[in-house]
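Below, chain A is the first sequence line, B the second, and so on; all start at residue 1. Computed from heavy atoms alone, side chains included, the values below leave out hydrogens, waters and symmetry copies.
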Amino acid sequence: MLMISPRMASGMQEKQYTPSLLSFFIYNPKFGPREGEEEKKILFYHPIEIEKNEKIRNVGLCEAIVQFTRTFCPTKPAKSLHTQKNRQFFHEPEENYWMVMVVRNPMVEKPNKDGKPPTVEYQEEEIIDSVYGSVLQQCYSMYKLFNGTFSRAFEAGGVELLTQKLEKFFYRYLQTLHLQSCDLLDVFGGISFFPLDKMTYLKIQSFVNRVEESLSLVKYTAFLYNDQLIWSGLEQDDMRILYKYLTTSLFPRHTEPELAGRDSPLRPEVAGNLLHYGRFLTGPANLKDPEAKFRFPRIFVNTEDSCEELHLIVYKAMSAAVCFMINASVDLNREFCEKLDSLVGPQLTLLASDICEQYNINRRISGPEKEPQFKFIYFNHMNLAEKSTIHMRKMASVSLTSVHPDLMKILGDINCDFARVDEDEEIIVKAMTDYWVVGKKSDQRELYVILNQKNANLIEVNEEVKRLCATQFNNIFFLD
Amino acid sequence: MNDEYYLELSENPVQFENASSVNNVFFDEANKQVFAVRSGGATGVVVKGPDDKSSVAFRMDDKGEVKCIKFSLGNKILAVQRTTKSVDFINFIPDYPHLEFSHECKTKNASILGFCWTNWNEIVFVTDQGIEFYQVLPDKRTLKLLKSQSINVNWYIYCPETAVLLLSTTVQGNVLQPFAFKTATMSKMSKFEIELPAVPKPAKLSLSERDIAVATIYDQLYVMYLKHHSRTTNSPGAEVVLYHLPREGTCKRTNVLRLNTTGKFAINVVDNLVVVHHQSTQTSLIYDIKLRELDGNVNVHQPVLPARSINPFKIPLTGPAAAPSQAPLPCELYSSSWSVFQPDIIISASEGFLWYLQVKLQPTLNLLQDKGKLMDFLLRRRDCKMVILSVCSQMLIGGDKGNLSVVATVFDKLNQVYKEYLDAEQAYTAAMESGPSRSSAYKRPVRTQAVIDQSDMYTHVLSDFTEKKEVKHKFIIAVVMEYIRSLNQFQIPVQHYLYELVIKTLVQHNLFYMLHQFLQYHVLTDSKPLACLLLSLESTYPPAYQLSLDMLKRLSTANDEIVEVLLSKQQVLGALRFIRSVGGHDNASARKFLDAARQTNDTMLFYTIFRFFETRNMRLRGNPGFNPGEHCEEHVSYFKQVFGESAVMKPTTA
């Protein structure tokens, strides 16, 4: 799978290649400690076509690097290896289980006259460690969400089961990695929260509590609107990865039948005399179908201690989506799904239109002057709240940004600087072409602002950022 | 079974000498007095009222059989009717001659059906040919005619509460003509017709006064018609038809109470409930006319509760005849000798008791399963508070635990009443503040027992409930959140202790992320105490620190607290930058900052802070030194010790 998307540079016939995935493998040195058994260490290797000995060589190299660097700092093993052509990322999510991702550096191909082969120039400094390191960690979290830990599979069915699971999961998952569009948001892995007034929020609370009472099987509930989170009964870390799955994978896969025309077959049916727009995004596509299957994806949460396996039911009405999580030992049948549908469908439909109405009212009150003229990214480590006016709506395939990649790179660099110290700080960078980039860190919050003002000086930029904080973040404590 | 009786007779009935051949008993609904007239009054008249003050005993000459006897309001003048032509009067005003005087009705050939006092000195004679409204002049011992009206009268009913007199006219007697009285004036209200179940031929008097009662229900005057079961129509049983009689405008048939049975009935009105006694089954039914929304013109009601007998009454044995060993005698309920008067009086003339009928609310808890309906019912009752609170407790803890939607319904009903009261109170306060001229139009709203506020709910229901070990914490949180939701829905500001309850419960069960989300959406309203509470949680849940600071910031009145928090975190520079950003650095205590800076053991930080305040002093006073009041001497000498004498800023000499 080569993900090369050439970008045409102006004038010259230059070809720009974005970063792409060269290989991805998982190994455990304990599984083949003796010479001649090296292959046993390898649990998963992508691309699969690679010759066995090369696989062994690559794994061995990684092992050696990690082992070697450990001598310098035993507590913090190497996280990445920079080379001219590519960069390797190492991650040990569970003891002795190593995940390695090799990313090819972006490059520019310059044509040469006289039919000579083009000159290739690798841009080895363009890749930010923290971004791709986070991508690798996310790969593990996503695997764990659907499969539990590596050691769990190993304990249940040995290497055979583990490799099976890894292959099944990563074969598809790696195709959805879009390394060319990874940026600061991947470092944060934040959650976008839906802004809502207190009353509507309380109504949602009330709805969740009542449903959990009537359907006592439901252990956890999460409520989203417009792909933004409103309520999570799951703990923060579990919600973070579930949110990622929902917003980048599940939701984009489902077109909106409520947007479909009146006579469209996608339009939901009228159940009895109660019109509601509720439908299952996981499980049965159509309850009326006698052949309908009542199988739901299973997820693993609280893997740190109790490790619960749950059915994940995602039910949606208009823009409101609710995740119901039920202990996996329970068999879910038609009867339960029908009960859920008839109970939740009408209420959720009503609630969704309430939220929509309230949201529009609030938007009207706040008025257009509150619309951000600024491009910024905000992230709060405490509640993982993120907000970006730089990114367009996330698509299934790519996340679109409205600023030049060079600026995104600066944001990533500032973030790395912030990560190094605990103190609050502020960094202002003058970028090319009239852009100013400002990074602020206050307690657990980070704010990145991109300003485009001709001939602005440092003081003016500082004032501008103060103004932004006063309008956009006036209800939180943000040190100047 | 004992706790199922929802009606009872007053514990201390008014006792009087029972009716006999020598003792006639009369009851006056206006003053609620029982008259025991022995031998036409010659051997004594004993008047017993609801309290001792209204009880009187006197003698009068026996001038023939007494037909009717009543005091005017305040026991000023006694009126006695002995013949169909005249009424006799006796002054009971001190210093006025105690002599009887008599007044004949002015209409020739008319016979007096009765009379009623409408004031302390105003009286209406009702004759078969009309009414005569008089003013009694006790000093002159004469009556002055104020007004009269001629109309054929079959019978009449007087409602003393509203001073409305109802006359039965026409041959069938079913056209009722009401009159309203007010000091010296009499006004004719619009007449109305009671629909009879069948029209007899030839026409004859078909509506009896026994089947009509008048009472006020929810501050409105109603005429209640007991419509007996008729064989011709296919009605399953008798019913009570209510006609609403407004002060102005036409009388309308508004409610029908289905009795679902036949036989002999009597009606009382207690606590705005219509009580219908059924003699043959010895049970009573109660109806609340507000308990169903109007649909169409006439509202049909079923009994609120299943039929039950009045709580058995034991006659207390008093006086010398009572031996201590003797058990009190049970009293015969629904006896044929009972007379029922409006609104809530039951008299047993043969036994000499007058009771007030009362509604007990506690038994309704078990008789009315629908909690929403029960709440509607209870909220309109007089002594409802404790019962309502016990319903709430029961639905949260008891065996018949209600589900959350029931809980929500109940909370919403309570808060609706609570909100109405708060609004009225606010409107009143606003009116009072706007000046006395307009305030007279507003009456201070009465706080009825139905107003259940947050402190009631907290003290009697929620604090106990949240302590219960056997209740799942999920349910506890859901209930408290539901209550907060309901308060918010009615825009009632939530009291701090409810938030504390939520936080306490969440913290107890380590549900910090849940708490975080609530705060994120400002479900728990910002306040200094709440911010301090959060701050105290920091050691167990670090993000509480951020939440607390955010809250203090939003309050905008808590800048001092923010500085304190930051200083306690040794964020001295941060604190200084903050106070400068809010413009408070001119008045900030230098000592406080210097203390904190010293504690960090960071001499450069200390230097910076010291320098900052020197510069400030310079700007404010033209001298970098500290005032003695600032108590910074210790820090000045430390500064000199560390950085040298020369490092101290010198006052610029101009």
Side-chain angles (χ1 to χ4, degrees), chain A residues 191 193-214 216 218-223 229-240 343 347 380-385 422-426 442-445 466 469-470 473-480, chain B residues 403-408 411 472 474-475 477-479 481-491 494 510-514 516-526 541-554 556 562 565-566 569 571 573-578 580-582:
Chain A
I191 295 172
F193 285 91
F194 187 77
L196 200 60
D197 66 294
K198 176 163 60 167
M199 194 55 230
T200 318
Y201 182 79
L202 283 167
K203 274 193 205 165
I204 293 169
Q205 268 296 311
S206 177
F207 161 81
V208 169
N209 287 334
R210 285 185 213 186
V211 173
E212 285 188 6
E213 188 186 52
S214 324
S216 52
V218 175
K219 199 153 181 207
Y220 306 106
T221 309
F223 195 106
L229 185 67
I230 293 179
W231 167 252
S232 161
L234 281 182
E235 285 303 312
Q236 204 178 44
D237 283 339
D238 291 324
M239 193 60 230
R240 177 187 225 164
L343 180 83
Q347 287 191 63
N380 183 355
H381 288 273
M382 282 297 179
N383 59 358
L384 307 181
D422 278 340
E423 309 269 300
D424 292 357
E425 47 179 61
E426 186 166 328
S442 169
D443 193 28
Q444 299 291 319
R445 296 183 163 106
K466 267 192 183 170
C469 291
F473 302 102
N474 57 345
N475 58 352
I476 59 173
F477 185 78
F478 223 157
L479 266 182
D480 279 326
Chain B
N403 62 29
L404 275 176
S405 47
V406 172
V407 172
F411 286 162
K472 282 201 187 116
K474 205 169 177 176
F475 186 66
I477 293 159
V479 166
M481 287 313 285
E482 200 60 62
Y483 188 56
I484 291 175
R485 187 227 18 102
S486 179
L487 289 168
N488 271 291
Q489 192 156 316
F490 289 98
Q491 293 164 326
V494 180
N510 276 319
L511 299 168
F512 289 105
Y513 189 43
M514 218 181 242
H516 202 131
Q517 296 184 64
F518 288 159
L519 288 158
Q520 201 174 315
Y521 281 96
H522 307 293
V523 166
L524 312 179
T525 310
D526 298 341
Y541 185 63
Y545 170 71
Q546 193 192 62
L547 291 166
S548 168
L549 269 190
D550 290 351
M551 192 176 279
L552 290 170
K553 162 89 187 301
R554 285 191 298 267
S556 79
I562 293 178
V565 170
L566 291 174
K569 289 260 154 192
Q571 293 209 33
L573 266 184
L576 201 57
R577 287 168 76 186
F578 170 73
R580 199 175 55 178
S581 75
V582 296

Could you tell me whether D424(A) and R577(B) have a side-chain N and a carboxylate O separated by less than 4.0 Å? no
Side-chain contact test, heavy atoms from C-beta onward, threshold under 4.5 Å: evaluate it for M481(B) versus S206(A) and give yes or no. no
Quick one: what part of S214(A) sits under 4.5 Å from any heavy atom of chain B, side chain, backbone, both or neither? neither
Heavy-atom cut-off 4.5 Å, strictly under: side chain, backbone, both or neither for E482(B) against chain A? side chain
Audit row: Q205(A), F518(B), side chain to side chain contact (heavy atoms under 4.5 Å, CB included) steps and yes/no: CA-CA 10 Å; Q205(A) 268 296 311; F518(B) 288 159; 3.4 Å; yes
Any carboxylate oxygen within less than 4.0 angstrom of a Lys/Arg side-chain nitrogen, looking at E213(A) and K474(B)? no
With a 4.5 Å cut-off on heavy-atom pairs, point out which of L234(A), I230(A), D443(A) contacts chain B the most. I230(A)
Ranked by heavy-atom pairs below 4.5 Å to chain A, first place among R554(B), H516(B), Q546(B), H522(B) goes to Q546(B)
Would you compute the distance between atom CD of Q444(A) and atom OH of Y545(B) and round it to the nearest 0.5 angstrom? 10.0 Å
Heavy-atom distance under 4.5 Å between the side chains of K198(A) and T525(B), does that happen here? yes
Is it true that the side chains of S581(B) and K466(A) contain a donor and an acceptor less than 3.5 Å apart? no
Heavy-atom distances under 4.5 Å only: say whether I562(B) touches chain A with side chain, backbone, both or neither. side chain
Applying side chain to side chain contact (heavy atoms under 4.5 Å, CB included), can you list everything that pairs with Q347(A), at least two apart in sequence or on another chain? F207(A), L343(A)
Winner by heavy-atom pair count (cut-off under 4.5 Å) against chain A, out of M514(B), M551(B), R580(B): M514(B)
When rounded to the nearest 0.5 angstrom, what is the spacing between CD in Q517(B) and CZ in F223(A)? 13.0 Å
Of the non-hydrogen atoms in L202(A) and V523(B), which two are nearest, and what is the gap between them? CD2-CG1, 3.7 Å
Does a side chain donor of either Q520(B) or N383(A) reach within less than 3.5 Å of an acceptor in the other side chain? yes
Heavy atoms, side chains only, cut-off 4.5 Å: are I204(A) and R485(B) in contact? no
Between F193(A) and Y521(B), what is the ring plane arrangement, given parallel below 30°, perpendicular above 60°, and tilted in between? perpendicular
Evaluate the side-chain proximity of Q236(A) to F512(B): yes if any heavy-atom separation is below 4.5 Å, no if none is. no
Value rounded to 0.5 Å, distance of CG in N380(A) from CG in D550(B): 7.5 Å
